[in-house]
Amino acid sequence: MASYELLHPWTDISPADAVALQQQLRSQVRILPPTGPLRTIAGCDISFNKFEETVYAGIVVLDLETLETIDEAGVVSTATFPYVPGLLSFREIPSLLEAWAKLTTEPDVVMFDGQGIAHPRRIGIASHGGLFLNRPTFGCAKSVLVGKYNEPAPERGSWSPMTHYRDVVGAALRTKNRVNPVYVSPGHLIDLETAIALTLRCDGKYRLPEPTRRAHNLVNTLRRNGSPYQQTTQPS
DNA sequence: GCGACAG
DNA sequence: ATCTTGTCGC
């Protein structure tokens, strides 16, 4: 069981502190082709009931060759930070790290439900998560945070670069013919081309790639049906 | 100054 | 994100 260096604490952080931390951490993010084989990929997500602080976080690991689920872990935790555009990582990563600790495998690359460097300070949840996990990570989001792009061709696989202040920060990628694109951006220890290839490799029957969809299903099941080991009140 | 704004 | 049925379109 590996241990991960604590780059910084997650508690008692104000939004202003979080922004300052991002400015401090951004220089550590490395965008370059992955070294070493990529055989497994993890998808992660969190779910929660509106107005409640309890969050359900989960990670699903799939074999990149067969897309078969080979591992998964979920946790019931508490959110200590609100959702603030640009500061998503401070709300989701703490609980995701708890789920990560319960995995029995070490995913080679991690796909996040959000942005990587396609972020105002170039350190979205996928980049921030990559610094903690110290392995290739990238983001695959359903909508844009920052950046502009030209509509990619309607065929699956076509994509166009997303630009933010002269920087190419990601790509609008079509995962299905005639369906809205997803927004892919490098997180850490990976490059845009590889992130795009991995997203296409995880193709299933839907617009969103399988890792993200399965993680989403896992946390929603956890939220609605409860953890099998957690006592829930039964109706009389 | 006025909007935009991952999940 | 979450709350929700039907409905328009390929």
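Reminder, nothing fancy here: chain letters follow the sequence lines and each chain counts from 1. Owing to the predicted nature of the structure, the values given are computational and were not obtained by experimental measurement.
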Practice task
Specify whether Phe90(A) and His128(A) have parallel, tilted or perpendicular ring planes, treating 30° as the upper limit for parallel and 60° as the lower limit for perpendicular.
Solution key: perpendicular
Completion exercise
Note: contacts of residues 158-171 of chain A with DNA chain B (heavy atom, under 4.0 Å) are none
Handout entry: Side chain proximity check, Cys140(A) to Asp113(A), heavy atoms < 4.5 angstrom
Key = no
Exercise for the section: Take atom CG of Leu145(A) and atom C1' of dG3(B), then tell me their distance rounded to the nearest Å. Expected result: 15 Å
Exercise for the section: Mind checking Gly86(A) for me? I need base, sugar-phosphate or nothing, with any heavy atom below 4.0 Å counting as a touch. Expected result: base
Practice task
Determine whether Asp108(A) and Ile41(A) make a side-chain contact, defined as any pair of heavy atoms from C-beta on separated by less than 4.5 Å.
Solution key: no
Practice task
Within residues 16-32 of chain A, find the residues that approach DNA chain B with a heavy atom at under 4.0 Å, and present them sorted by residue number.
Solution key: none
Handout entry: Residue among Trp100(A), Phe112(A), Trp10(A) satisfying ring-ring contact (aromatic ring centres under 6.0 Å, His included) with Phe132(A)
Key = Trp10(A)
Practice task
Kindly confirm or rule out a cation-pi arrangement of Arg224(A) over Tyr56(A), judged by NZ or CZ under 6.0 Å from the six-membered ring centre and within 45° of its axis?
Solution key: no
Handout entry: Lys176(A) side-chain N/O to Gly204(A) backbone N/O, donor-acceptor pair under 3.5 Å
Key = yes
Exercise for the section: Report yes or no: do Arg122(A) and Ser127(A) form a side-chain donor-acceptor pair below 3.5 Å? Expected result: no
Practice task
For Phe81(A) and dA6(B), give me the distance from atom CZ to atom C1', rounded to whole Å.
Solution key: 14 Å
Handout entry: Phosphate contact (dA6(B) OP1 or OP2) by Tyr83(A) side-chain N/O below 4.0 Å
Key = yes
Exercise for the section: Give DNA chain C the dot-bracket treatment, 5' to 3': Watson-Crick (N1-N3 with N6-O4 or O6-N4) or G-U (N1-O2, O6-N3) under 3.5 Å, [ ] crossing, | other strand. Expected result: ..........
Completion exercise
Glu92(A) atom CD is separated from dG7(B) atom P, nearest whole Å, by 9 Å
Handout entry: Ser143(A) side chain near dC5(B) phosphate (N/O to OP1/OP2, under 4.0 Å)
Key = no
Practice task
Verify the neighbour count for atom CD of Gln24(A): are there more than 12 heavy atoms of other residues, nucleotides or ligands below 6.0 Å?
Solution key: no
Handout entry: Check: Arg207(A) and Asn180(A) side chains under 4.5 Å, non-hydrogen atoms
Key = yes
Problem - Reported CD-to-CD1 distance for the pair Glu98(A) and Ile59(A), which is rounded to 0.5 angstrom - result: 10.5 Å
Practice task
Walk me through it: do Asp45(A) and Arg213(A) pass the test salt bridge (charged side-chain N to carboxylate O under 4.0 Å, His left out)?
Solution key: CA-CA 9 Å; Asp45(A) 192 23; Arg213(A) 283 195 70 262; over 6 Å; no
Exercise for the section: Give Leu87(A) one of three labels, base, sugar-phosphate or nothing, depending on what nucleic acid heavy atoms sit under 4.0 Å from its own. Expected result: base
Exercise for the section: Compare every heavy atom of Gln22(A) with every heavy atom of Gly86(A), then report the nearest pair and how far apart it is. Expected result: O-NE2, 3.0 Å
Exercise for the section: Would you mind classifying the nucleic acid contact of His128(A) as base, sugar-phosphate or nothing, using non-hydrogen atoms under 4.0 angstrom? Expected result: nothing
Practice task
Can you see which heavy atom on Asp191(A) is nearest to which on Pro34(A), and at what distance?
Solution key: OD1-CD, 3.6 Å
Problem - Close side-chain approach of Leu62(A) and Glu210(A), heavy atoms under 4.5 Å - result: yes
Fill in the blank from the handout: To the nearest angstrom, the CG-P distance between Leu88(A) and dG7(B) comes to 8 Å
Handout entry: 5'-most by nearest nucleotide on DNA chain C - Arg178(A) or His216(A)
Key = His216(A)
Practice task
Please find the earliest and latest nucleotides of DNA chain C, in the 5' to 3' direction, that have an atom within less than 4.0 Å of any heavy atom of chain A.
Solution key: dA1(C) to dC3(C)
Practice task
Would you indicate what Val146(A) reaches in the nucleic acid, counting non-hydrogen atoms under 4.0 angstrom: base, sugar-phosphate, or nothing?
Solution key: nothing
Handout entry: Residues touching DNA chain B, which here means a heavy atom under 4.0 Å, drawn from residues 42-51 of chain A
Key = Asp45(A), Phe48(A)
Exercise for the section: Sort and list the pairs that fulfil side chain to side chain donor-acceptor pair (under 3.5 Å) and have at least one residue in residues 154-166 of chain A, not counting sequence neighbours. Expected result: Arg156(A)-Asp203(A)
Completion exercise
In short, Arg223(A) meets Ser47(A) closest at the heavy-atom pair NE-OG, 2.6 Å
Handout entry: Student check: side-chain heavy atoms of Leu25(A) and Gln28(A) closer than 4.5 Å
Key = yes
Practice task
Please state whether the phosphate of dG7(B), meaning OP1 or OP2, lies under 4.0 angstrom from any side-chain nitrogen or oxygen of Lys142(A).
Solution key: yes
Practice task
Would you indicate what Arg224(A) reaches in the nucleic acid, counting non-hydrogen atoms under 4.0 angstrom: base, sugar-phosphate, or nothing?
Solution key: nothing
Practice task
Assign Asn220(A) to base, sugar-phosphate, or nothing according to its heavy-atom contacts below 4.0 angstrom with the strands shown.
Solution key: sugar-phosphate
